[in-house]
Amino acid sequence: MKTLASIFLFLAAVLCCGFSIYLWSLPAEGQDGPPLRYEIWVELDHAQRMLHGREAISWTNTSRDAVPDMLFHLYYNAFKNENSTVLEESKEESLLVRARVKEGEWGWVDVKKIDLEDGRDLKPTAEFLARDEPLHPGDQTVMRVTFPEPIAPGATVRLRCEFESRVPRSGMRTGYYKDSYFIAQWFPKPGVYEEGKGWNCHEYHANAEFFADFADFVVHITVPENFVVGSSGKLEGTVPDKAKKTATYTYGQSRIHDFAWTASPEFIKVEREFIGNQEVTPEEYEETARRLAIPLEEVKLPDVKMTLLIEKQHRSQIDRHFKALRTALKSYGLWYGPYPYETITMIDPPFRTGSGGMEYPTLFTAGTSLLKRQKVLSPEGVIIHEFGHGYWYGLVANNEFEEAWLDEGINTYSTGKVLAEAYGRGEFGASFKGIPLGWLLKLPVYYDYETDRAAAINIAEYDPVVTPSWEFYNGGSYGANVYMRAATCLNTLEGLLGADVMARIMRTFHMGYRFKHPTTADFIAVVNEVSGQDMNWFFNELFFNTLNFDYGVASVRSVEKPVHPLGVFEVNGKREVMTVRKAAELKKKEKSSRDNKIYVTTVTLRRFGEAKVGIGAPLKVRVVFADGSEEISQWDGQGRWARLKFEKPVKAKLAEIDPDRIWLIDSNQSNNGFLIKAKRECVFRAAAKFLFLIQNLLLAAGSVS
Amino acid sequence: MGHLKIISNGVSAVRRNPGMILWLWIIDFVFGIIVAAPVYFLINKDFGHSPAGEGLGRLNFIWLGDSIYRYHNLLPALAGWLLVPALIFILLSIFLNGGIIGRLAGGEKTTLQGFFADCGKYFGRFFRVFLLSIPVYVLVFGGLVRLVSAPFKLWAKNAAGEMPVIVASNLRFLITILLLSLVQMYFDYIKIDLVARNGRKVLRAAAAALSFVGRRFFRAWGLYLFVGLLFIAVTAVFIGVTNALPGTGIVAFGLGFILAQAYILARISSKILFFATELDLYRIFQP
């Protein structure tokens, strides 16, 4: 038995080494593959909370520039001291302080050694840079090394690096608690070289995520033997070391731009398969192909191995997690393009590691709680959203520092659509002391787009959606703008262009920019191209400005049109005066005029907000009359107000602007319609509820007397 | 005499005083109307003519978003508007408590005149009791609750999973509620002592109440908690019935309104029941 085990170990070790050799023998970077390659060996020192790592990096200069240096992200230094950009920004933040590092819980990364393949030492040239305004000169999350000679276009540079990282107790998105670790942004990682501009390598900011180049990864992770490990990429082999009581796991993945992993003895590991042709019916494939106007073969979904690492305390929610992941794999795959990797790993974040709800290539963290009602779509929403980032951020890899809306906004929009289609409305997840209130009270149910809109309309005037992440007014503005406002604007855009056109836009954008780094301009270009319309005005008003959008109906009046107008008239060459009395007498005599009354309905429309619709995108106006008939009209919406007149034999009952609710971003939908006869019952109902609340508050206040 | 007998006597006392309940309800209702009126006019202005008004019956995020956008600058003013009436209502309750306990102690049929005479008679004394209660509340909830909660906090802080955190949090909440009940019960007995002995000296009454409660602590507290549980049961029934009501229609609105006011009446009745049972217990041991 022992011999068999030894043979097995030997074979596993050979397999791991073989995989590394295979990866490093792939064609030269920048020709067929991504410009970067990593092989990393990392060992977790559980007692000291340290990571001891070695890293081999090869980078190919795909630009036409001679590149004299290389900039690295050293994200763990964000938790090194209070001079880091993250902690300084967090202190300045009045709305939201997210990083609270206590004594003895600091984290850092030390680059012990960095040299070229030929042994020339780059460490003496290493320096920290902090270039983002306002400056935080004490920050050490970006390091520059200078090469002895510039890297010529097309040339490849190979570096070797040794580093030691202290895992922060529970930092932003990474950390440990007791025996559990979530390890992200942990290794020295080059920025993205942009031709003519140099390295795009921002500091770790409080309100920003990440940006990196596509790369091939091989990572060997050594942890205590009782730890369950989950990681980006595909597990290629495991080598236990009985003497040291550790195990080394080797993971590999090509064409991803980050690598995260987790280790904990508290995990239960569950694996299931997503079989494309079992999850999607032939009719669904055909419908998708028709809708997207692409060949049937292009919408077929591949099989994917799904792995869930879930905390033992949440084991009852295993099926719930997989159902949401299947839904996401199917919807994102059909709508935007097939999932291109063989694996996806879903992590129920280790308790108190501050790592929930975060995305990494081929791995994401979800987030749930012990007493979660089925009607509350909370783990589902997080799972779908974070998996969705595999598409928006993972595959279409925009710069999250500079244009975060491109992944967060698009993905929030996508999440809302997937949730709505698969689950319908979710219950508001209110709880008291960890106990869900839905068991006791009738809580509201909602679609994501409704809550997104509620946040979006209240943030419009703070910052444009397209703003560098660290330049937002505060964390609230960053979040509400790049997630909710962007998503609400995209829902509005879908309303304007139609669901099918929007679906084609998203598919075209996704497949066109897969494994690339698109910008907002690229997205707008795709919108214009696929829709066949110039939609620049839409983005100018709602993405690049802080303009509030609010059109409404100010008033509606229906008055009887006088049959005999008052005043002086020329009749057959004679001047006749029509008085009130005379008009009344004439009206009495003319029976027909009593039966055929004409009413003039005047609808006054107003543009309350600063944002305007485009010249070619007028607003629809619907007027409903007492007999049920309707008049549809349009307003170009360019002025501050407009008046529409209708002459009908009946009075108007209701006037509505944007009756189809296309303009979801409208910040006051309550004024979009005007009923001539007020509906008091609704007002009384709301007021009665408020009265009841006040009565109870008064009695509660009185009880302390 | 057992708790059930005392509660039975208390319920009889409540039933003997429908007029008192009605007056207290009218005061609460009118006061509530005064406070809620500006909000009614605001809702009427913005939603009266809007088709979106139809959604006001239930919370939805479309009109809620609109309202936050429109009124977020008004929130501090609204908070202020609610705070001032709340403070006035505390004073009013101090005034009314005199009438409630005075009439219950008298045992005669409650008349409006007699009720308000007692309100006026005891207001000064009860106001001093209220002043005395302020530092006690501060001491208990500023210090004692934290002290008693500390082990639970520590337990939650070192927890390896969610369950200890939830349990600790709920235990802390329970402790807070139990301490609140203790403080409220104690100050009730001070008022009862002042009325029963027709005393004027609050500190002497406080000492007497302390002695009274101290000597039969569990009996007094058990009784108080028993009545409290009855009130919680009534609240649970109210929530259950409200959840079962249909959401729309004038009948549903009418039923909902009547039910809500019935609950307010039940709240007021429970307050009288607290005093009546405490008075009964007091009389058993301090005849």
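Values below: every heavy atom of this structure, side chains too, minus hydrogens, waters and symmetry copies. Below, read A as the first sequence line, B as the second, and so on, with proteins coming before strands; counting in each chain starts at 1.
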Relative to chain A, which segment of B:L131 carries a heavy atom at a distance below 4.5 Å: side chain, backbone, both, or neither?
-> neither
Best-contacting candidate, B:D46, B:D66, B:V165, against chain A by heavy atom pairs under 4.5 angstrom = B:D66
Counting only heavy atoms closer than 4.5 Å, note whether A:L441 contacts chain B via side chain, backbone, both or neither.
-> both
Working to the nearest 0.5 Å, report the span between NZ of A:K433 and CZ of B:R172.
-> 6.0 Å
Output for pair (A:L691 CG, B:I33 CD1), nearest 0.5 Å, gives 5.0 Å
Among B:F253, B:Y40, B:F257, the one residue meeting ring-ring contact (aromatic ring centres under 6.0 Å, His included) with A:F684 = B:Y40
Side-chain donor or acceptor of A:R680 paired with backbone N/O of B:N44 under 3.5 Å | no
State the CD1-CD distance between B:I250 and A:E681, to the nearest 0.5 angstrom.
-> 4.5 Å
Taking the inter-plane angle between the rings of B:H49 and A:F674 on a 0 to 90° scale, is it parallel (under 30°), tilted (30 to 60°) or perpendicular (over 60°)?
-> parallel
Go through B:L59, B:I43, B:N243, B:I90 and name the one with the most non-hydrogen pairs under 4.5 angstrom from chain A.
-> B:N243
Heavy-atom proximity to chain B below 4.5 Å, by part of A:I694 = side chain
Mark yes when over 12 heavy atoms from residues, nucleotides or ligands other than A:R622 sit less than 6.0 Å from its CZ; otherwise mark no.
-> yes
In Å and rounded to the nearest 0.5 Å, what is the CG to CD1 distance from A:L370 to B:I166?
-> 5.0 Å
Chain B shares the most heavy-atom pairs under 4.5 Å, among A:G434, A:C682, A:S670, A:G552, with A:S670
Over 12 non-hydrogen atoms of neighbours within 6.0 angstrom of NZ in A:K442 = yes
With side chain to side chain contact (heavy atoms under 4.5 Å, CB included) as the test, would you mind laying out the steps for A:N696 and B:Y263 before giving the verdict?
-> CA-CA 9 Å; A:N696 277 293; B:Y263 178 71; 3.5 Å; yes
If one checks every heavy atom of A:Y447 against chain B at 4.5 Å, the contacting part turns out to be neither
Contact leader toward chain B among A:A455, A:A678, A:P350, where contacts are heavy-atom pairs under 4.5 Å = A:A678
Counting heavy-atom pairs under 4.5 Å to chain B, which of A:E450, A:E266, A:R685 comes out on top?
-> A:R685
Residue pair B:G65 / A:A454: nearest heavy atoms and the distance that separates them | CA-CB, 3.9 Å
Leading residue by heavy atom contact count with chain A [cutoff under 4.5 Å; candidates B:L42, B:L56, B:V39] | B:V39
Partner chain A: residue of B:F29, B:F130, B:F126 with the largest heavy-atom pair count (under 4.5 Å) = B:F29
CZ of B:F231: more than 12 outside heavy atoms within 6.0 angstrom?
-> yes
Residue, of A:L697, A:D179, A:T451, A:N458, that accumulates the most heavy atom pairs under 4.5 Å with chain B | A:N458
Side chain, backbone, both or neither of A:K689 within contact of chain B (heavy atoms, under 4.5 Å) = side chain
So which part of A:S180 gets closer than 4.5 Å to some heavy atom of chain B, the side chain, the backbone, both or neither?
-> neither
Could you give the distance from CZ (B:R267) to CG (A:L698), rounded to the nearest 0.5 Å?
-> 10.0 Å
Just wondering, are more than 12 heavy atoms of other shown residues or ligands nearer than 6.0 Å to NZ in B:K271?
-> yes
Measure the shortest side-chain to side-chain distance between B:F47 and A:K679 over non-hydrogen atoms and say whether it is less than 4.5 angstrom.
-> no
Below 4.5 Å from any heavy atom of chain B, which atoms of A:A700 appear? Answer side chain, backbone, both or neither.
-> both
Contact class of A:I457 relative to chain B, heavy atoms under 4.5 angstrom | both
Options B:G32, B:P51, B:G53, ranked by heavy-atom pairs under 4.5 Å with chain A, top entry | B:P51
A:K178 side chain to B:N158 backbone, donor-acceptor under 3.5 Å | yes
About how many Å separate CD1 of B:I264 and CG of A:L699, when rounded to the nearest 0.5 Å?
-> 5.5 Å
Of all of B:F187, B:W63, B:F31, B:Y69, which one pairs up most often with chain A through heavy atoms under 4.5 Å apart?
-> B:Y69
Check whether B:L82 gets within reach of chain A through its side chain, its backbone, both or neither, counting any heavy atom under 4.5 Å.
-> side chain
Mind checking whether A:F692 and B:F238 have parallel, tilted or perpendicular rings, split at 30° and 60°?
-> tilted
The interface call for B:E162 against chain A, heavy-atom contacts under 4.5 Å, is both
Are A:F432 and B:F173 an aromatic pair by the rule of ring centers under 6.0 Å?
-> yes
Please answer whether the main-chain N or O of B:A52 pairs with a side-chain N or O of A:Q669 as donor and acceptor at a distance below 3.5 Å.
-> no
Relative to chain A, which segment of B:N97 carries a heavy atom at a distance below 4.5 Å: side chain, backbone, both, or neither?
-> side chain
Stepwise side chain to side chain contact (heavy atoms under 4.5 Å, CB included) test for A:R661 and B:I62 = CA-CA 12 Å; A:R661 300 284 180 271; B:I62 296 294; over 6 Å; no
